[in-house]
*Asks:* 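A single structure is presented below for examination.
What's counted below: heavy atoms across the whole structure, side chains too, no hydrogens, waters or symmetry copies. Only a predicted model underlies this, so the values are computations on that prediction, with no experimental measurement involved. Within every chain, numbering begins at 1; the chains are lettered A, B, ... in the order of the sequence lines, protein sequences first and strands thereafter.
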Amino acid sequence: MKYHFNEIEAKWQKYWAENQTFKAENNSEKPKYYVLDMFPYPSGAGLHVGHPLGYIASDIYARYKRHQGFNVLHPQGYDSFGLPAEQYAIQTGQHPALTTEENIKTYRRQLDQIGFSFDWSREVRTSDPSYYKWTQWIFIQLFNSWYNDDSDKAEDISELIKIFTSEGNLKVNAVCDDTIELFSAEDWNSFDSKKQQQILLQYRLTYLAETEVNWCPALGTVLANDEIVNGVSERGGHPVIRKKMTQWSMRISAYAERLLQGLENIDWTDSLKESQRNWIGKSVGASIKFKVKSLKFKVEEPTTNNQQPTTIEVFTTRPDTIFGVSFMTLAPEHELVSEITTPEQKAEVDAYILATAKRSERDRMADVKTISGAFTGAYVEHPFTKQPIPVWIGDYVLAGYGTGAVMSVPCGDQRDYDFAKHFNIPIPNIFEGADISEEAFSDKDKTIIANSDFLNGLSYKEATKKIIQELEKLGQGQGKTNYRLRDAVFSRQRYWGEPFPVYYVNSMPQMIDAKHLPIRLPEVEKYLPTETGEPPLGNATVWAWDTKQCSVVSIQLIDNKTVFPLELNTMPGWAGSSWYFNRYMDAHNEHEFASKEALNYWKDVDLYIGGSEHATGHLLYSRFWQKFLFDKGLVLVDEYAKKLINQGMILGTSAFVYRLNSNDFIKPVLFSKCFIEKVIKEEKSYTEYEEYKKHEKSLFNNVKKNHGVSMISSTVKSDWKHFSPIHADVSFVNSSDELDIEAFKNWREEFKDAIFITEIDNTYKVGREVEKMSKSKYNVVNPDQICVDYGADSLRLYEMFLGPLEQYKPWNTAGITGVHSFLKKLWKLYVGEEGLNVTGEEPSKDSLKTLHKTIKKVAEDIENFSFNTSVSTFMIAVNELTAQKCTSKDILEPFLILISPYAPHIAEELWSQLGHNESISTAPFPKFDASYLVESSKNYPISFNGKMRFTLELPMDFNAKQIEEAVMAHEKTQEQLQGRTPNKVIIVPGKIVNIVG
RNA sequence: GCUCAAGUGGCGGAAUUGGUAGACGCGCCGGAUUCAAAAUCCGGUUCUUCGGAGUGUGGGUUCGAUUCCCACCUUGAGUACCA
């Protein structure tokens, strides 16, 4: 009986589906274990061999945990809202829901054929109304919450209203907009409803605000910072400009400190935690207020009735250097710029602002070295020396960070230093013993302050502490911690996303009552923005909220009395993926996003596997939402994933043909790899060069003869080095790098008549290079064909065998024959020509040893996520058992359980052939017994000065003295020593012998 | 620039606490089987001037270093005027 993998795999995939083998129950005697893969977006291209890598690893772990007696939750679903389906809809008119449905079908078929142990009964899709109902619901909870810094958690907005009603906002310690005005209870109660709503918006965890956004005109949408790469959109590479728009934002900044601290308690990779720390960007320093002088030496008289002079607030991490301030710099966008600029400087300042606004983010980044700025004509007063300090604007100061203003200390900050040099601003030195003639001195640890009044002689730490005290006394500053983390824009001008459960009364946003959710995505004629520049939902005809009927009605009924316009933006991609891991616990609950019982049972994800590209997007936002849900008592843990592993990317091995760049040939001329290599060698080796010249001659003669080219012009020869490598589809190339010329010719019209300059043996060899796997590089390898040719078990084993899970590694289909023939050997160990080979025979000592060392190694490997080494271990074990002619059921049966997480189909089949009626999936993992590994002797490596020269078999129970005697008496020892007496003999019993001297 | 990974045969990689470097597989070479091919099986495969040398380079610690320390080089990823 042969190993018919296709039949076996189809049979067991059907069995698992029909018997719901991997369905997880929400209550069980067994301990729980939750294994999760990062949410896939079902793209139209389907899976390539790189995608399942993480899924295979998590599947092995999930199956292993079932063998260990855990109740395993291993779900899968789709992050099915997103831009590609929408862009396809724009191009073809096909509804994104249809495209998405088809893509999901393809994905599902591909996933099923690899034999994953997913519990498909819990599948979720973010674009399904029964799912996004709860995304909308969470949005409403965020809207109805504010962040109380005193209790350090989110609280209900009704609590805040109570405080406002009874005592105003003077004592409220909340995370809110910076521009909040102070009011008393009387003020609050006298405000009209609109004003009250405006104020509350400044506190809510999701709020509507005019924000400067990254607007991409080509896509007609706003992009998040992490969707922009090098100043252009990540998708499509379109230019991005800055624009002010009214947008929903998420007050993630409220959670900055907790998101940072939370990293200490989770077992995620260090590089990922580091990225999140950088992204949160905590810096400790002080905020300092500088009073603006209208005239050069006089503080401006208060003009408003609140009796406060205009001040500029700065954030600095070096308040200790305050006596080194020689100018102030504001971002050109700073709101005080127009107010403080003097009439004489107005023209210059306006021109500068205009120039910087025109420059795209990309331009600004491209030339960081160009120093530019303008003097406003205004001065501020130094809080201690009372000296005037000129105020400049410069685009090296970012409006979005800190207060958008810096106190410039050129002696201590390189950018301030460069700016001062460029504009001839004085650079006072306030550091003892520091040389600032060439560059700024920014070493905090070596700082000793000088020329700074009461700070003289102090270190950075001492001076910082002292100056903050002094600033507080003056009421002009305090210690402050700043975070780089910005509030996240939550509006997208797109169609294919979650609609907001929001309508507008008197231009103020109102939440639709949760009981009317979901608010379904309306139908539209076109998926583009409207002619007036509104988002695609502006095309919807039935998109207004009737507050009487509590339903979505035609926009023609809008009267702004009982029928109001609905929000036209949709939510971003990260909305649905920020909480899906909780939904899997209770995927079909219609009354709650998940029941208390389910949440209490599963609690959190024990193992989360996915790509590191989500480090600062999904993985930060989802932690934020989880913390919010935790504050509201809706989930039981504030970090949802205990352990997270990043799988590395599988890279493609691209194939290249080399086209000669010459106009002398009408047809493309493609050169085989050997010529290219010779060209490279040309400069290196004379003999090679001569040989190559001979080649060249016969080559061109050949070209002339076969292709009727009568002349080779001299330009061709001078252009000889100029080849263009062109990607060839890897499916035309065999394992010896030979190109299927006919297939290549038929591939694309332009190559139909191409002239191929082959190797001497008439084969055409392609060049190879490792690159990211992508359609455009024609190096994508599809798992479907591999499953047909070698089977899913081979694919699973091979993906693991390639190398460590976390590493980047190139795919090479040729190598799969190794694991495939291993599976055939495994099969043969159990099944012979006439049927099953397995007997009730007593196992041999050697076979027991093989089994138990395999149990030990495989268990350790899985615990350490070292799946590649397990595959080697299986190979070794099968080689050994075959050599031992092992037929014993006592060995072969437990061995199947070991391999079942990796190659589940073959394991199930052989398991059933051994007479089991139940699936192998929950068979208990074999127990390791160390007694089978005890050796009676050890083959000692005998080293001389650390170099191993020979080995010597000695009894295990020899002590150091006996070993030494045996070694010294050995003839090879004497041979090595050549009469010398060793200085020292190091003996580690059971390990090594090292003779020194 | 900064942060984080990683550098081992022709290739993917192994060596878990410092103790026989190159396991396992691919590829390649030789052989068996076959009319032939595929498949299968067996043997070999770091380099070598056959003394040895050897884990990116140069130092160091140690009886002993792929493993620990210092400096540097290269590659990849992330981030970037963050005050």
*Asks:* Of the nucleotides B:C82, B:C4, B:C63, which has the atom closest to the A:Ile986 side chain?
*Replies:* B:C63

*Asks:* Round to a whole Å and report the spacing from CZ of A:Phe874 to P of B:C24.
*Replies:* 16 Å

*Asks:* Quote, to the nearest angstrom, the P distance that separates B:C29 from B:G7.
*Replies:* 30 Å

*Asks:* Whole-Å distance between B:A83 P and A:Asp418 CG?
*Replies:* 16 Å

*Asks:* Please classify the nucleic acid contact of A:Thr817 as base, sugar-phosphate, or nothing, using heavy-atom distances under 4.0 Å.
*Replies:* sugar-phosphate

*Asks:* Hey, does the side chain of A:Gln807 come within less than 4.0 Å of B:G13's phosphate (OP1/OP2), counting only N and O?
*Replies:* yes

*Asks:* Sort out the partner of B:C81 for me: Watson-Crick or G-U wobble, both distances under 3.5 Å, none otherwise.
*Replies:* none

*Asks:* Quick check against the 3.5 Å criterion: does A:Asn646 have a side-chain atom that pairs as donor or acceptor with the backbone of A:Glu806?
*Replies:* no

*Asks:* Do any side-chain nitrogens or oxygens of A:Asn994 fall under 4.0 Å of OP1 or OP2 in B:U62?
*Replies:* no

*Asks:* Let's test this: given Watson-Crick or G-U wobble pairing with both distances under 3.5 Å, identify the partner of B:U17.
*Replies:* none

*Asks:* Does a distance-only test, which skips hydrogens and angles, find a donor-acceptor pair under 3.5 Å between the side chain of A:Glu860 and the base of B:U16?
*Replies:* yes

*Asks:* Look at the side chain of A:Lys857 and the base of B:U16, then say whether one donor and one acceptor between them are separated by less than 3.5 Å.
*Replies:* yes

*Asks:* With no hydrogens and no angle check, do the side chains of A:Asn779 and A:Ser654 hold a donor and an acceptor under 3.5 Å apart?
*Replies:* yes

*Asks:* Verify the distance criterion only: is there a donor paired with an acceptor across the side chains of A:Tyr483 and A:Glu257 at less than 3.5 Å?
*Replies:* yes

*Asks:* Please determine, for B:A65, whether a Watson-Crick or G-U wobble partner exists with both distances under 3.5 Å, and give it or none.
*Replies:* none

*Asks:* Looking only at the side chain of A:Ser872 (C-beta and beyond, no hydrogens), which of the listed nucleotides B:A23, B:G19, B:G13 gets closest?
*Replies:* B:A23

*Asks:* Distance alone, cut at 3.5 Å: any donor-acceptor contact between the side chains of A:Ser372 and A:Tyr352?
*Replies:* yes

*Asks:* If you only use heavy atoms from C-beta on, which nucleotide in B:U20, B:A53, B:C41 is closest to the side chain of A:Arg949?
*Replies:* B:A53

*Asks:* Do A:Thr653 and A:Asn812 have side-chain N/O donor and acceptor atoms under 3.5 Å apart?
*Replies:* no

*Asks:* Taking CG in A:Asp270 as the centre, count heavy atoms belonging to other residues, nucleotides or ligands within less than 6.0 Å. Is the count above 12?
*Replies:* no

*Asks:* From the set B:U79, B:G12, B:G19, return the single nucleotide nearest to any side-chain atom of A:Ile992.
*Replies:* B:G19

*Asks:* Is the shortest distance from a Lys or Arg side-chain nitrogen in A:Glu799 or A:Lys809 to a carboxylate oxygen in the other one below 4.0 Å?
*Replies:* no

*Asks:* Whom does B:A23 pair with, Watson-Crick or G-U wobble, provided both distances fall under 3.5 Å?
*Replies:* none

*Asks:* When the distance from CD1 of A:Ile816 to P of B:G12 is rounded to whole Å, what number comes out?
*Replies:* 18 Å

*Asks:* Is B:G9 syn or is it anti, if syn means the base angle is within 90 degrees of 0?
*Replies:* syn

*Asks:* From the list B:C41, B:U79, B:C63, which nucleotide is the closest neighbour of the side chain of A:Lys825?
*Replies:* B:C41

*Asks:* What's the closest nucleotide to the side chain of A:Glu274 if the choices are B:C24, B:A83, B:U3?
*Replies:* B:U3

*Asks:* Check this one for me: any side-chain N or O of A:Asn868 less than 4.0 Å away from OP1 or OP2 of B:A14?
*Replies:* yes

*Asks:* Should A:Lys947 be listed as having a side-chain N or O under 4.0 Å from OP1 or OP2 of B:G64?
*Replies:* no

*Asks:* Which part of the nucleic acid, if any, lies within reach of A:Thr951 when heavy atoms closer than 4.0 Å are counted: base, sugar-phosphate only, or nothing?
*Replies:* base

*Asks:* Below 4.0 angstrom from OP1 or OP2 of B:G76, is there any side-chain N or O of A:Tyr808?
*Replies:* no

*Asks:* Give me syn or anti for B:G76, where syn covers glycosidic angles within 90 degrees of 0.
*Replies:* anti

*Asks:* Distance between the P atoms of B:U48 and B:G10, in whole angstroms?
*Replies:* 10 Å

*Asks:* Using purine N1 to pyrimidine N3 plus N6-O4 or O6-N4 for Watson-Crick, or N1-O2 and O6-N3 for G-U wobble, each under 3.5 Å, what pairs with B:G7?
*Replies:* B:C73

*Asks:* Which is more 5' along RNA chain B, the nucleotide nearest A:Gly281 or the one nearest A:Asn864? Just name the residue.
*Replies:* A:Asn864

*Asks:* With nearest nucleotides of RNA chain B determined for A:Pro941 and A:Val996 from heavy-atom distances, which residue corresponds to the more 5′ nucleotide?
*Replies:* A:Pro941

*Asks:* Counting any heavy atom closer than 4.0 Å, what does A:Asp416 reach on the DNA or RNA strands: base, sugar-phosphate only, or nothing?
*Replies:* nothing

*Asks:* Under a 3.5 Å limit for both distances, which nucleotide forms a Watson-Crick or G-U wobble pair with B:G43, could you say?
*Replies:* B:C29

